[in-house]
2 protein chains.
Amino acid sequence: MLFAITPSGEEKSAAAMGMRRSFLAREIICQQGDTAECVYRLGHGVVMLYQILQDGRRQIVDVLDAGDYFGFGDGNVQDCFAETLTDCEITVWRIREAQSCPVWCEGFSRGVQRKLGAMHDHVTLLGKKTALERVSSMLMRLVRECAGRVCRGAPPSGYATRIHDLHMSRQEMADYLGLTLETVSRAISQLKRDGLIELPRPSQIVIKDPCRLCRLAVLH
Amino acid sequence: MLFAITPSGEEKSAAAMGMRRSFLAREIICQQGDTAECVYRLGHGVVMLYQILQDGRRQIVDVLDAGDYFGFGDGNVQDCFAETLTDCEITVWRIREAQSCPVWCEGFSRGVQRKLGAMHDHVTLLGKKTALERVSSMLMRLVRECAGRVCRGAPPSGYATRIHDLHMSRQEMADYLGLTLETVSRAISQLKRDGLIELPRPSQIVIKDPCRLCRLAVLH
DNA sequence: CGCGACCTTGATGATGATCAAACAACGTGG
DNA sequence: CCACGTTGTTTGATCATCATCAAGGTCGCG
C-alpha cells in the first residue's frame, strides 16, 4: 500500500513529499545491497536492521523505535536489511529530494545525531559487557521511564505488573547482542530465578525490579 | 590556541561562525558528561571517541578521520570522550547556531549518515567477528585504496613497501576491537608470520598482501 | 492427538581473557 | 656512547566465559 501525503496547504517543499507506507509484521522494507535512493522514518512500530556476512553470519545492528530514521550506507548502496518486527507505519523520501530541503535536513540531523549516540552505547555493550549485562541492557530499553540513560527515582506505581512484548525471538536477541540463543535464554532464566523479571510467556516480560536491572546493565 | 574565522562579508549565516582549533597529539577535546553545547568536525588528523563505564572499562567506540563530525549524546550531555591521536585541526560550532543553518545542516546530515553506516559495520565486527577478523578489518581501514568496502583490482604499484602509522597502542586497538592487548598482539604476530604484513616497528605497518588481508577481514 | 517451532536446560569444548615473565624500544643522565 | 629505568610489546601457561552439541519441554495449531 503506497499513497502520497497530500499536505494541507503550506506545501511547496520537497521534503513534505514523503510517502506513507504501511507494513505488516515480518516484512522486509529494504535489502542490503539495494541501490540507496530512499531514506525512511519509522512513524509507528518496531523495525530491526541487520547485516549478513558472506558465510551467513547475521548481526542485528539496531532495533528502531518510532521516530528513528534509517536507510544508510556508503551513499550508493544500502548497508543493511530492514525488517519489521510489528505492524509499522513508515515514511519514505527520495534521498536527493529530501536532502535539499532545509526543514527536513534539520529534523534528520537531530534524529541521526541522537541515533549515533545510541549506537555508541551499543558498541560499548558489544565490546565490553558480559552476557548478563547485555541482556539486562536490552531489557532496560523497555523501561522507558528510565529515560534511556539514568534510572532516576522509583518506577511508576503498577509498573511491576506491566507486561512488555519482546517482539524478538531468542535467536534475534542473540544476533542483536552478539551472543547465542542459548546464552540469552540462560541469562533470562537467571534474571527470572533472581526475581528481577517474570515471563507470562516466552515473548512477554514483566520487569519486577527495574532498579536492580538497571544496575546490572551498567549503563555508565 | 583559539581564533575565530572572520568570514569576509557574508557574515549573516551562523554556520560560518565555526571556530578553528588546533590540537596536539594526545589532547582531550571534550569529556563524557560535559554539557553538549558544541559539535565538532575533524579537518585534519585522527581522533578517537571512547566511553568509560563506572568500573573503569573503556570502549573506544570510533576512530575518526578527516571530514568526520563528532560530539553527540542524548542532546544534553556528551556521550563520549574525544581525544586526539595525532596533531589535529578541528572546527567547532555551537550546536544551536549551527543547526539553524540550512547549508551546515545539509553537510552535517551527509556526514552523520555516512558515519552511521560505518558504525553498523563496526557493530557487526564486534558482534560476530573473530579476533583475527577484527584485527584484519581494522588494518583494512589503512588500505584506503580499497575504498572502504570492496577490494577492487590490484593495489597500486609500490604499495607493498608503503609504511602506515597505526597511531594507537595495542591496548587502544584492543579497546577499539573488544579484545585484550595480548589477543591483538597475537593476531598481529600471526599476520606477520603468514607474510601478510610487516612491522618496521611496533607502531608502523607495511601491508604486503592487501587482498588476502581483505578476505580475512570478511567485509561482507 | 501429533507435529513443528521455539525455548530451556545440561554436558562438553574452544576462543579469547587473565596471569606472568621475558623482550624490545626509547629517553635520560652519567 | 652506554648503563639504566620506563614503557610498551611479545610470548607462554592457565582459566573462564560463552559457543557448540544434544536432549527434553512447552506452546500453538492443523
Side-chain angles (χ1 to χ4, degrees), chain A residues 25-26 53 55-60 85 125-139 163-194 196-206 216 218, chain B residues 25-26 48 53 55-60 85 125-139 163 165-194 196-206 216 218:
Chain A
R26 303 289 163 177
L53 301 177
D55 54 10
R57 281 175 283 180
R58 173 179 76 165
Q59 177 67 36
I60 295 176
L85 293 173
L125 178 149
L126 292 169
K128 285 278 136 41
K129 292 189 184 178
T130 65
L132 192 62
E133 290 167 346
R134 293 180 198 203
V135 171
S136 301
S137 299
M138 179 191 64
L139 296 181
I163 296 176
H164 297 279
D165 282 304
L166 288 170
H167 302 305
M168 300 170 93
S169 70
R170 298 291 183 268
Q171 180 63 63
E172 285 163 344
M173 296 182 216
D175 285 346
Y176 180 50
L177 299 174
L179 300 169
T180 59
L181 76 167
E182 293 95 332
T183 301
V184 169
S185 181
R186 276 183 247 270
I188 289 177
S189 295
Q190 181 176 339
L191 293 173
K192 191 169 61 175
R193 264 199 312 281
D194 296 349
L196 299 186
I197 62 173
E198 278 172 11
L199 298 176
R201 57 187 61 207
S203 66
Q204 293 186 329
I205 189 169
V206 175
L216 269 184
V218 194
Chain B
R26 302 290 163 175
M48 64 175 173
L53 301 177
D55 54 10
R57 281 176 284 180
R58 174 179 76 166
Q59 177 67 35
I60 295 175
L85 292 173
L125 178 150
L126 292 170
K128 284 279 137 38
K129 293 189 184 178
T130 65
L132 192 62
E133 289 168 346
R134 294 182 199 203
V135 171
S136 301
S137 299
M138 178 190 66
L139 296 180
I163 297 175
D165 283 303
L166 289 170
H167 301 305
M168 300 169 93
S169 70
R170 297 292 184 268
Q171 180 63 64
E172 285 162 344
M173 295 181 216
D175 286 346
Y176 180 50
L177 299 175
L179 300 169
T180 59
L181 77 169
E182 293 96 330
T183 301
V184 170
S185 181
R186 276 183 247 270
I188 289 177
S189 295
Q190 181 176 338
L191 292 173
K192 191 169 60 176
R193 265 198 311 281
D194 296 349
L196 298 186
I197 62 173
E198 278 172 11
L199 297 175
R201 57 187 60 206
S203 66
Q204 294 185 329
I205 189 169
V206 175
L216 269 184
V218 193

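The basis for the numbers below is simple: all heavy atoms, side chains too, and nothing from hydrogens, waters or symmetry mates. Since we're looking at a predicted model, the values are computed, not measured. So you know, we letter chains A, B, ... as the sequences are listed, proteins then strands, and number each from 1.
Summarising the geometry of B/L166 relative to B/P202, their closest heavy-atom pair is CD1-O, 3.7 Å, with the distance given to 0.1 Å. Counting all heavy atoms, side chain and backbone alike, B/Q204 lies closest to B/L199 at O-CD2, 3.3 Å. Contact detail for B/M168 and B/L85: the closest heavy-atom pair is CG-CD1, 3.8 Å.
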Pair B/E198, B/R193 - check salt bridge (Lys or Arg N to Asp or Glu O under 4.0 Å), show working.
CA-CA 9 Å; B/E198 278 172 11; B/R193 265 198 311 281; over 6 Å; no
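Residues A/R134 and A/T130 fail the side-chain proximity criterion, which asks for heavy atoms closer than 4.5 Å. No side-chain heavy atom of A/I205 sits less than 4.5 Å from a side-chain heavy atom of A/I163.
Between the P atom of D/dT17 and the NZ atom of A/K128 lies a distance of 17 Å, rounded to the nearest Å. Put simply, CG on A/L166 is 13 Å from C1' on C/dC7, counting in whole angstrom units. Across the protein-nucleic acid pair, B/I188 atom CD1 and D/dT11 atom C1' stand 14 Å apart, rounded to whole Å. Put simply, CZ on A/R26 is 15 Å from P on C/dA5, counting in whole angstrom units. Between A/Q204 atom CD and D/dG28 atom P the separation is 10 Å, expressed in whole Å. Here D/dC18 presents its P atom at 12 Å from CG of A/L177, a figure rounded to the nearest Å. Here the C1' atom of nucleotide D/dT11 and the NZ atom of B/K192 are 11 Å apart, to the nearest Å.
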May I have the list of side-chain donor-acceptor pairs in residues 173-187 of chain B shorter than 3.5 Å, sequence neighbours left out?
residue, atom, partner, partner atom, Å
B/D175, OD1, B/Q171, NE2, 3.1
B/D175, OD2, B/R58, NE, 2.8
B/D175, OD2, B/R58, NH2, 2.9
B/T180, OG1, B/T183, N, 3.4
B/T180, OG1, B/T183, OG1, 3.0

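Considering only side-chain N and O atoms, A/R201 lies under 4.0 angstrom from the phosphate OP1 or OP2 of D/dG28.
Here A/L216 contributes atom CG and A/S137 contributes atom OG; the two are 9.0 Å apart, rounded to the nearest 0.5 Å.
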Please enumerate all protein N or O atoms sitting under 3.5 Å from an N or O of nucleotides 14-21 of chain C, with distances to 0.1 Å.
residue, atom, partner, partner atom, Å
C/dG16, OP1, B/A131, N, 2.7
C/dA17, OP2, B/T180, N, 3.3
C/dA17, OP2, B/T180, OG1, 3.1
C/dA17, OP2, B/T183, OG1, 2.4
C/dT18, O4, B/R186, NH2, 3.1
C/dC19, N4, B/E182, OE2, 2.9

Distances for protein N or O near nucleotides 4-9 of chain D N or O, under 3.5 Å:
residue, atom, partner, partner atom, Å
D/dT9, OP1, B/R170, N, 3.4
D/dT9, OP2, B/R170, N, 3.3

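Although no hydrogens or angles enter the test, the distance criterion places no donor-acceptor pair under 3.5 Å between the side chain of B/K128 and the main chain of A/L53.
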